[in-house]
A.B. asks: 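I have a structure here, written as structure tokens, and I will follow up with some questions on it.
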Amino acid sequence: MSDAHENGNQRYFDAHLHVFPPRMFEAIWRWFDDLDWKVHRQTLDEILATLNAHNVIDAIVLSYAHKPGVARPLNDYMKMLGEQYPMLYPFGSVHPEDGDLDEYVREALDSPHIYGFKFQPMVQRYDVNDRRLDGFYAACQEHNFPITMHLGSAPYPCEFLGPEHFRRLMERFPELRVCVAHMGGPEYDEFLAMLDDYPNVFMDTTMIGTRTELFDNRWRGDEEALRRHAHRILFGSDWPNVPYDYQEVIDSVPRFPFAPEQRPGIYYDNARRYLRLDEG
Ligand SMILES: [Zn+2]
């Protein structure tokens, strides 16, 4: 059953959409096939049509370089997306083993079409505290440039994930503007506590609370802390790499113990604040 009627004319800002160049998308889908996740194999046009059909009027588009040498061409592709589709806010990618890291980071910071960066340490195989990234973090901090990071250990724990890595990073760069993807699951409270300590830390709801058998994705944690930080929590889908309908993503938000009046912010306004779109 759809809860769409409850949301009336709500418009959505999806803070966690994925678009890759076609050949990379194909490789990622084969990886999901091996896991038996039945994700949506959609072209860019089909993705945009899905968003349109669900009143999603803006979206942060994420990509990540799975190996050295890929970030630069990927960032060029993301810039093209931002140039052609004003509703898309593309994020770039980095890899610590790239010799031209500082150079393409500067290009991304200077580009009017790159709005932040995405880290997926499990796939990219690096520690967020890799010292080769220090110059990158310093530049992001200086420009207040956001980084969306997958840091919680769900659904597949690995040595690069977990709240201790993030805490060490934030101790070193306390002003960093970071969105912790997937509510930091399953370490919900450990990541939520970081919002108390660091004013530029956000979270996105991506995949948490949706109905799926793939892993235990029920949110459980400090409900009072969740409501206290609701203005820094963003609606996200992981579309098209999810095994359910887009409506299921929308319907997952009321399953969190937010106050009802906090939902419009989660669905739309908070993503604008994360990107600082209203700050001139
Ligand atoms: Zn994702």
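As the structure lists them, so they are numbered: ligands from 1, and atoms in each ligand from 1.
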A.B. asks: Provide the full list of side chain to side chain donor-acceptor pair (under 3.5 Å) pairs with a residue in residues 24-33, sequence neighbours left out, each pair given once.
C.D. replies: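 Only E26-R41, W29-N241, D33-R41 qualify under side chain to side chain donor-acceptor pair (under 3.5 Å).
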
A.B. asks: Could you please tell me which protein N, O or S atoms lie under 2.8 Å from the Zn ion (ligand 1)?
C.D. replies: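 Listed by chain and number, the nearby protein N, O or S atoms are H16 NE2, H18 NE2, D238 OD1.
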
A.B. asks: Compute whether any side-chain donor of one residue and acceptor of the other, for D238 and T206, lie under 3.5 angstrom apart.
C.D. replies: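 Note: D238 and T206 side chains miss the donor-acceptor criterion.
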
A.B. asks: Rounded to the nearest 0.5 Å, how far does CG of D14 lie from OH of Y246?
C.D. replies: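 Taking OH in Y246 and CG in D14, the distance rounds to 3.5 Å.
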
A.B. asks: For Y85, give me all partners under ring-ring contact (aromatic ring centres under 6.0 Å, His included), at least two apart in sequence or on another chain.
C.D. replies: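 Scan of Y85 (ring-ring contact (aromatic ring centres under 6.0 Å, His included), adjacent residues dropped) gives none.
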
A.B. asks: Out of N270, D269, I266, I60, which one pairs with F13 under the side chain to side chain contact (heavy atoms under 4.5 Å, CB included) rule?
C.D. replies: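 In the set N270, D269, I266, I60, the residue that makes a side chain to side chain contact (heavy atoms under 4.5 Å, CB included) with F13 is I60.
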
A.B. asks: Of all residues at least two apart in sequence or in a different chain, which pass the side chain to side chain contact (heavy atoms under 4.5 Å, CB included) check with E213?
C.D. replies: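 Listed in chain order: nothing, the list is empty.
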
